[in-house]
Amino acid sequence: MIRELEREKITFGTSRAEGSFLEMPDTLNASQGLLDASLAAGAAFKFNAGDGKALALLEKYADRVNDPDFTKVFLQRLGAKGITQLPAAMAARLRQALNEGDTKTKEHLSPQSKRALTMLSKALAAGTDPKNKSYMGDDFLRDLARQGRAEHSAGPTKYAGYQAQALIWRAHDGKPPFSEKFMQVVGADAVAYEKEEYKGRWDASKDPLGQVFNGRQVPLYNLAGALGLGTLMRPGAIATRPGAPVRSSVIADLLHAAGSSKDATRALLSFTPPGWKETVLTHMLTTRLGAFEYAGERGPFSDLLTTGLTGQDQISRNLASDLTKAVADQIRGAVGRDENGNLRITNRAVFERLEHLGRPLGMALAANIDQLSRLLHLRDTFGKVDATDMSYALVLATRDDVAYDALIRAQTEHMKAALNGVPPVGLDKSNLKEFGFTMADLKKFDFDEDGRVDRTDVKQFLIDNAVAEARPFSHIVEIRRQSLIAAGLDHKTASEEVRIMVRDTIGLLPVPYADRVGTAFDNVFGKLVVNGYEKLAGVGYDEIAKQVAKQTAAHNLSLDQAYRTLADDRTGVERIMEQTIGTAMLMKGMLEDDALKDAGFLIGDPPQMKPFAAMSPAEYKSFLELARNNVGSRDLFDRFSNTYRRTSDVNDLLDLRISQPGGGK
């Protein structure tokens with residue numbers, strides 16, 4: 001191995017003022033890595049210098065990028081400048097082949113370039129991750145940013161380094177993912193560079209003269225796009241005619257790389273570049289929004305938002321709040337009310353510019369559904385978002401069917417968690433530990449202070465919580481109705497998403513603990529150690545949703561025919577709530593013993609409750625009637641329904657003037 005290193009004239013070590021330092025490889029693998037990486041880097045330099053055949057030699061080492069010993073030396077030898085220049089050399093050579101009509105070179109070089117870019121992307125992702133053995137250090141990252149801002153040339157073509165580096169980002173397949181550190185040092189700087197270089201022309205496109213000449217917010221394109229190479233250098237893309245209008249901006253390529261992990265996405269979007277007073281996300285939602293539209297890249301941006309803003313960590317929540325506020329501020333100035341007092345769009349251009357944000361916004365709000373309740377009940381804030389901001393943001397979010405479905409599902413799980421938080425009838429100090437409660441909890445739930453949680457106590461808790469949960473439901477459904485009215489759509493027809501949800505998923509979940517209904521109907525769950533489903537109330541709603549999906553998939557769901565004839569979304573959601581409240585009453589021991597003994601929806605010995613999916617329409621109706629007719633229960637359902645159908649909050653927050661509540665059966 002040493003002789004081979006000598007033959008290839010590969011040296012190692014560094015020269016400094018105090019002398020020369022040699023670093024000898026201490027393992028065979030390290031020696032092989034040094035040899036292979038040096039040869040690979042040498043091939044890259046030869047190609048940059050004009051040797052077209054050298055790219056084939058570089059390709060031979062493509063599989064070696066999974067070896068940290070190879071990757072680190074490869075990046076060291078290339079340096080930030082070599083890494084930046086290699087994609088540009090490939091692009092320039094392809095452009096030359098096209099100009100000369102050299103089809104053979106084009107057809108040979110295009111797949112070679114794609115494979116080489118994929119190799120570079122893997123090496124760069126590994127070498128810029130502090131957690132990876134290949135990490136090159138902070139100085140290397142800063143050098144990448146310096147080279148990204150620098151002007152380079154490949155033959156007659158001059159380009160910014162980021163235009164070439166972006167081709168590497170676009171080629172990334174997500175393995176390994178780019179790091180948070182990379183996104184904060186290099187990624188955010190690329191965003192800042194584009195803003196600095198293009199601010200003047202972007203501002204000019206907005207003034208009256210620029211609009212006369214059809215001024216548009218043109219982004220900084222990557223080098224392949226600038227040279228009109230179509231998809232010749234994009235791995236995985238369907239081949240297109242060279243020169244076809246298939247271009248990608250530097251920032252879209254960056255977002256592609258950031259999408260390799262949630263951590264990278266959040267790190268990029270939440271970062272505030274030096275000298276800025278806003279995050280990258282806020283910049284993209286305001287200053288840069290027109291560039292996404294011009295380049296046809298709104299979809300990738302929306303996808304990235306969905307990836308980065310739907311977690312329940314603090315960074316995701318902050319980003320979700322920023323998105324909500326940015327949308328609300330822009331929507332607020334684009335709507336008013338019509339002659340009937342309903343919502344009306346006054347600036348359709350704003351809606352069209354923001355429309356692609358509706359889905360990621362709805363998904364982000366669904367992940368933070370608790371904030372909606374807190375805004376309405378406690379007049380709390382979600383970052384800088386207040387109840388009015390949230391309402392305007394929901395105008396956009398609820399207009400998207402998928403986002404609306406996600407919001408309804410999330411609020412349903414929120415209500416289930418709230419109702420599951422009450423202990424069962426019969427809780428006292430003797431069984432607190434068994435049920436996982438404390439004396440403080442007992443005092444909280446024992447409204448009549450008799451030392452025991454009885455049916456009256458549980459009923460009061462269910463009323464309080466059902467009424468509290470009805471307000472967010474009302475808010476979401478009424479704003480959805482108003483948004484559809486503003487769009488000129490038929491708001492009286494139920495959305496298919498809600499019908500499916502009520503019919504096949506949330507409304508027909510197997511009843512938790514149904515197999516625990518025994519012969520001792522009094523306090524059915526009195527001896528149950530609370531775990532599993534109810535304990536999920538203590539975790540994020542996204543985790544509850546996962547469990548919901550698992551339970552649903554395990555059953556061949558049948559169908560209550562009544563679901564097929566839902567009149568509108570409001571009625572559909574009310575069906576869900578009937579089941580949720582009725583199930584909570586059963587679980588907490590609220591249903592009367594005698595009625596349960598004769599219930600047709602119980603089977604087996606000892607009796608067990610059928611899953612909703614297995615009930616006939618008559619049995620399901622019997623279950624709901626039993627829940628409704630239980631002593632004092634009708635008040636519970638009526639209080640929920642009355643609150644749910646009151647729309648005054650929406651009218652006030654959106655400044656509408658509707659004489660009668662919307663919806664109805």
Side-chain angles (χ1 to χ4, degrees), residues 7-10 35-65 70-71 73-124 147 150-172 221-237 239-244 246-248 253:
R7 190 179 71 81
E8 295 290 345
K9 297 182 180 180
I10 294 172
L35 175 62
D36 291 348
S38 298
L39 293 174
F45 283 125
K46 288 179 181 179
F47 184 82
N48 288 350
D51 183 352
K53 297 180 180 179
L55 203 58
L57 177 59
L58 176 62
E59 275 193 273
K60 292 181 179 180
Y61 299 98
D63 293 337
R64 297 286 282 125
V65 291
F70 171 90
T71 298
V73 175
F74 178 62
L75 295 177
Q76 284 174 339
R77 295 288 173 136
L78 271 182
K81 186 175 183 179
I83 290 169
T84 302
Q85 292 178 336
L86 181 56
M90 290 186 265
R93 188 165 176 78
L94 271 169
R95 184 65 263 174
Q96 181 183 3
L98 292 174
N99 292 342
E100 297 173 353
D102 187 350
T103 304
K104 183 178 179 180
T105 296
K106 182 204 76 174
E107 292 180 349
H108 182 66
L109 185 56
S110 174
Q112 273 191 323
S113 298
K114 293 178 181 181
R115 291 191 291 269
L117 286 171
T118 300
M119 175 186 178
L120 283 174
S121 72
K122 287 181 178 293
L124 192 62
Q147 291 297 328
E151 183 179 87
H152 301 261
S153 61
T157 303
K158 293 187 181 299
Y159 61 94
Y162 279 133
Q163 291 182 280
Q165 290 184 22
L167 298 177
I168 301 174
W169 306 338
R170 168 58 67 175
H172 193 50
Y221 283 109
N222 68 25
L223 193 52
L227 294 178
L229 299 179
T231 58
L232 289 177
M233 296 184 71
R234 183 181 297 185
T240 60
R241 174 178 56 83
V246 178
R247 297 188 290 180
S248 180
D253 295 344

Practice task
Work out which heavy atom in F47 is nearest to a heavy atom in L55; give both atom names and the distance.
Solution key: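 In this case the closest contact between F47 and L55 is CD1-CB, 3.8 Å.
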Exercise for the section: Measure the shortest side-chain to side-chain distance between L39 and Y61 over non-hydrogen atoms and say whether it is less than 4.5 angstrom. Expected result: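 Contact flag for L39/Y61 side chains = yes.
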Handout entry: Close side-chain approach of Q112 to M90, heavy-atom, < 4.5 Å
Key = no
Fill in the blank from the handout: Scanning both residues in full, the closest heavy-atom pair of A54 with A43 reads CB-O, 3.3 Å
Completion exercise
Residues A89 and N48: closest non-hydrogen pair is CB-OD1, 3.5 Å
Exercise for the section: Show the numbers, then the answer: is there a side-chain contact (heavy atoms from CB on, under 4.5 Å) between R170 and M233? Expected result: CA-CA 9 Å; R170 168 58 67 175; M233 296 184 71; over 6 Å; no
Exercise for the section: Quickly, which of L229, T118, L94, L232 forms a side-chain contact (heavy atoms from CB on, under 4.5 Å) with S113? Name it, please. Expected result: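 Among L229, T118, L94, L232, the one that satisfies the side-chain contact (heavy atoms from CB on, under 4.5 Å) with S113 is L94.
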Handout entry: Heavy-atom pair with the smallest gap, counting every atom of I83 and P87
Key =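 Between these two residues, the closest heavy atoms are O-CD, 2.9 Å.
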Problem - Atom NE2 of H108 with >12 non-hydrogen neighbours under 6.0 angstrom - result: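 At most 12 heavy atoms, drawn from other residues, nucleotides or ligands, come within 6.0 Å of this atom.
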Handout entry: Residues that E107 engages under salt bridge (Lys or Arg N to Asp or Glu O under 4.0 Å), provided they are two or more places apart
Key = none
Handout entry: Nearest atoms (heavy-atom pairs only) where F45 meets G82
Key =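 For F45 versus G82, the nearest heavy atoms are CE2-CA, 4.4 Å.
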Exercise for the section: Apply the test side-chain contact (heavy atoms from CB on, under 4.5 Å) to residues L227 and Y221: give CA-CA distance (whole Å), side-chain angles for both, the deciding distance (0.1 Å), then the verdict. Expected result: CA-CA 10 Å; L227 294 178; Y221 283 109; over 6 Å; no
Practice task
Would you please classify the geometry between the W169 ring and the Y162 ring as parallel, tilted or perpendicular, with 30° and 60° separating the classes?
Solution key: tilted
Handout entry: Euclidean distance, R93 CZ relative to T105 OG1, rounded to 0.5 Å
Key =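 These two atoms lie 6.0 Å from each other.
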Exercise for the section: Mark yes or no for whether S110, through its side chain, and K106, through its backbone, hold a donor-acceptor pair below 3.5 Å. Expected result: no
Practice task
Can you establish whether the number of heavy atoms outside D63 located under 6.0 Å from its atom CG is more than 12?
Solution key: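 It does not: D63 CG has 12 such atoms or fewer within range.
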Handout entry: CG on L78 to CD on Q85, rounded to 0.5 Å
Key = 10.0 Å
Exercise for the section: Find out whether F74 and R64 are in side-chain contact, i.e. whether some heavy atom of one side chain is under 4.5 Å from a heavy atom of the other. Expected result: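 In short, these two side chains do not touch, never coming nearer than 4.5 Å.
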Problem - Nearest-0.5 Å distance, CD of residue Q76 to OG1 of residue T71 - result: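 Interatomic distance, Q76 CD to T71 OG1, rounded to 0.5 Å: 11.0 Å.
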Practice task
Take Q165 and Q147 through the side-chain contact (heavy atoms from CB on, under 4.5 Å) test and state the conclusion after the steps.
Solution key: CA-CA 9 Å; Q165 290 184 22; Q147 291 297 328; 4.2 Å; yes
Handout entry: N222 side, atom CG; R234 side, atom CZ - distance, nearest 0.5 Å
Key =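 It comes to 7.5 Å.
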Completion exercise
Taking every heavy atom of A154 against every heavy atom of A92, the minimum-distance pair comes out as CB-CB, 3.8 Å
Exercise for the section: Could you walk me through whether L223 and L167 pass the side-chain contact (heavy atoms from CB on, under 4.5 Å) test, one step at a time? Expected result: CA-CA 7 Å; L223 193 52; L167 298 177; 4.2 Å; yes
Problem - Beyond-backbone contact of T157 with R95, side-chain heavy atoms, under 4.5 angstrom - result: no
